[in-house]
Number of protein chains: 2
Amino acid sequence: MPPRTRLKDIAESLNVSIATVSRALNNKFDINAETRNAILKKAEELNYRPNALAVSLRKNENFTIGVILPSVDHYFFSTVLKGIMNKAHQANYLVIIGESNHNPEREKELINQCATHCVTGLIISLASTDINHENLKFIKSNRIPYVLVDRPSKNEDDTFVKYDDEGGARLATEHLIAQGYKKIAMLKGKDSCSISESRFNGYTKALLKRGMAVDHDLIRSSSAAQGPEDGYFLSKELLLSKKKPDAIFCVNDDIAAGVYQASQELNLNIPDDLAVVGYSNSIISKHLSPTLTTVVQPGADMGEQAFDFLQQILIGNSSKLSRTFDARLLVRESSCKVI
Amino acid sequence: MPPRTRLKDIAESLNVSIATVSRALNNKFDINAETRNAILKKAEELNYRPNALAVSLRKNENFTIGVILPSVDHYFFSTVLKGIMNKAHQANYLVIIGESNHNPEREKELINQCATHCVTGLIISLASTDINHENLKFIKSNRIPYVLVDRPSKNEDDTFVKYDDEGGARLATEHLIAQGYKKIAMLKGKDSCSISESRFNGYTKALLKRGMAVDHDLIRSSSAAQGPEDGYFLSKELLLSKKKPDAIFCVNDDIAAGVYQASQELNLNIPDDLAVVGYSNSIISKHLSPTLTTVVQPGADMGEQAFDFLQQILIGNSSKLSRTFDARLLVRESSCKVI
DNA sequence: GAGTATTTCGGCAACGATTACGTGAAATTT
DNA sequence: AAATTTCACGTAATCGTTGCCGAAATACTC
């Protein structure tokens, strides 16, 4: 089992210098056509592949980007990753992936590793628990070009790709109002989660715009898990309370799925007795019965945009780059009373 | 904006040699405690981080593994990835991720990139469309240590982590028989997909074992997408045919979701008129109504095992490593007639 | 106090590749 | 035929680290 072929091996076997081999393989000018062909042939024969580590070290450019996400088995993030990889592949970049699990310390380690391994850039969806954006400062202090996804900071100078969370919530709430629902509850995410807050803002703004009161008895916050169980318990509580709502807007589809369970147990018909609207258009939404009205988040598009921005930064475009993806509501069965 | 700190920078600022700095930072013996502390302090001050490219080049070991999967937004694979990353993090490995999209050429490019970037090992779920396992040969010819996940070759020498696909299908089918269903259909994946074939084998074996005939009119193959649409159309066809089945075993949960749709349109009650069993325990399965009986695939565990195997190989353990994860059936509402 | 051990550090050559520069021979010009 | 240009290639420095070897300087032994 011969070790990996190096330029030196090719050079020696053809009695030329290493420099000549390098020139031949890199299509430089001052090289004789014959020797060039001989070298190419030999390289093919020996299955030569340049050592990317050495090339990167020498040229001081590493065609690798780091991607740090809170979790990859969450559908939205997996589509973001897909979008990034799609573009990265076209541009011949390698993708290093890390999962922070919403843990700032873990996130910092990952940033550190990326820096150590000389990534050319970073696309990151910051852990929402890192309130003070310490890790964002850390990235900056390391001078790594970066693009923020989905969880932008308040800093105006950051390059980011986000989604109009507030707008989506507004659309959802307005839709419920238009459908004639009167007592619209909201199941928020865990407190202090900026995304949940944005969606909550959209919800309240829509209500106020239509002259409806914001009733805090109709608003509940979920646990950190933000899963179906939260939806189940919180909605059951709501539906058994005096102020029993006729519609529930959920901060995500998983929570909405929990609401389905509760309403089934309570023998409530969706959408006639209770309307439900989710958020994210995750796979489950179209499989729930009745199908779930939800806000569409184009994860893959956002990922592609993030990579495009990163490339812009890398080629020196220093203008302020940012894009907020428009909210779109996908109306399905769960929010339309059959008349 | 000063460039990245190097050993040289620290050395010059303290009037010592580069070698000394290196020794200090790497906890070597022959170094004075005072100078060592001074160097550590300076390194901290200058925010020094070793250049991983240079270290890897010099030491000829790159703490990086490549992971190549058909797609990352498929739930099962995303959990495999999660498992791999979990272990990789503990072992201080970086993870490079690539998505083949079931395309062998793309897959080959990714392997090539991984080889070029000197990954220490590869965990790969081969594209099922690569019938002759050309890419597996390619990996071997490049001498990259590898572990196969989920789609093992027929070669006995390969290290692999797989799932007892046949066993899972057998469990599912036997369960349906035990529940009293008589005409059990199967919706396979696309032809020539080895996983689908294994599951089909399990299905037929279970039937034969119980003395039931395998009726090829009750067996349909889906398109390459293997999505809900396939389930919808194929099951509708079946349910409207003369041999109308009273149970359908689906090669995956997405297809099962399509069956739900069809049965709803045809006013068939699940599980009383029709039992449905899926495969993979994807997120949708517990949100479908009624909840879907499905075969559990422990993706994260499989990912962790794959990484463990890779480490075994890397430390020189040359014994034949492989593990087949036992099948487990998660019985839910869709397959249990209410008596 | 001469010889030996030990401690602490610097010099240098790698790792595999790229590239500026120089050089000899051939080809071209004058 | 001398001068100049062009061509094709080799030499050597470089990227940031590590590790071998050896050299001072100090400490220890008899």
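No hydrogens, no waters, no symmetry mates; every other heavy atom, side chains included, goes into these values. To find a chain, count down the sequence lines: A is the first, B the second, and so on, and within it residues start at 1.
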**Q.** Interatomic distance where CZ belongs to A:Arg6 and P belongs to C:dA17 [whole Å]
**A.** 8 Å

Q | Upstream residue (5' side of DNA chain D) when B:Lys28 and A:Asn32 are each assigned their closest nucleotide | A | A:Asn32

Q. What are the residues of residues 8-21 of chain B, sorted by number, that bring a heavy atom to within less than 4.0 Å of DNA chain D?
A. B:Ile18, B:Ala19

Q.
Within the structure provided, determine whether B:Asp30 and B:Arg23 are in side-chain contact (heavy-atom separation under 4.5 Å).
A. yes

Q) Is it true that A:Lys41 and A:Glu44 make a salt bridge, defined as a side-chain N closer than 4.0 Å to a carboxylate O? A) no

Q.
Rounding to an integer number of Å, can you tell me how far A:Lys59 NZ sits from D:dG16 P?
A. 16 Å

Q: May I ask you to say what B:Thr35 touches in the nucleic acid, namely base, sugar-phosphate or nothing, with a heavy-atom cut-off under 4.0 Å?
A: sugar-phosphate

Q: Answer with yes or no whether the side chains of B:Arg4 and A:Asn142 bring together a donor and an acceptor at under 3.5 Å.
A: no

Q | Nearest-Å distance for atom pair CG/P, residues B:Leu25 and D:dG19 | A | 13 Å

Q.
Nearest whole Å is fine: how far is C:dA17 P from A:Asn62 CG?
A. 15 Å

Q) Roughly how many Å is it from CG in B:Asn60 to P in C:dA17, rounded to a whole number? A) 12 Å

Q. Does the A:Thr35 side chain pair with the main chain of A:Ile31, one donor and one acceptor, at a distance under 3.5 Å?
A. no

Q | Presence of donor-acceptor pair under 3.5 Å, side chain of B:Arg23 and base of C:dG10 | A | yes

Q.
Regarding B:Ile31, tell me which of base, sugar-phosphate or nothing describes its non-hydrogen contacts under 4.0 Å with the strands shown.
A. sugar-phosphate

Q. Taking NZ, NE, NH1 and NH2 as the nitrogens, is one of them in A:Lys140 or A:Asp158 under 4.0 Å from a carboxylate oxygen of the other?
A. yes

Q: Return the residues of residues 37-45 of chain A meeting this criterion: a heavy atom under 4.0 Å from some atom of DNA chain C. Order them by number, or give none.
A: none

Q) When you match B:Ala54 and B:Phe29 each to their closest nucleotide on DNA chain C, which lands nearer the 5' end? A) B:Phe29

**Q.** Protein-nucleotide distance (B:Asn26, atom CG; C:dC9, atom C1'), rounded to Å
**A.** 16 Å

**Q.** Phosphate contact (C:dG16 OP1 or OP2) by A:Tyr48 side-chain N/O below 4.0 Å
**A.** no

Q. Under 4.0 Å between a Lys/Arg side-chain N and an Asp/Glu carboxylate O for A:Glu134 and A:Lys137?
A. yes

(Q) One thing to verify: whether B:Glu105 and B:Lys108 come together as a salt bridge, which I'm taking to mean a side-chain N less than 4.0 angstrom from a carboxylate O. (A) no

Q: May I have the distance from A:Arg49 (atom CZ) to C:dG16 (atom P), rounded to whole angstrom?
A: 15 Å

Q. Donor-acceptor pair, A:Thr116 side chain versus A:Asn112 backbone, under 3.5 Å?
A. yes

Q. Taking the six-membered ring for Trp, are A:Phe325 and A:Tyr163 ring centroids under 6.0 Å apart?
A. no

Q.
With a 4.0 Å limit, can you tell me whether A:Asn51 has a side-chain N or O closer than that to the phosphate oxygens OP1/OP2 of C:dA17?
A. no

Q) So do the side chains of A:Lys82 and B:Asn101 get within less than 4.5 Å of each other, counting heavy atoms only? A) yes

Q.
When you compare the side chain of A:Leu25 with that of A:Ile39, does any pair of heavy atoms fall below 4.5 Å?
A. yes

With 3.5 Å as the limit, what N/O pairs link the protein to nucleotides 22-27 of chain C?
none

Q) Nearest-Å distance, CG (B:Leu7) to P (C:dG11)? A) 15 Å

**Q.** Exceeds 12 heavy-atom contacts within 6.0 angstrom, atom NZ of A:Lys8
**A.** no

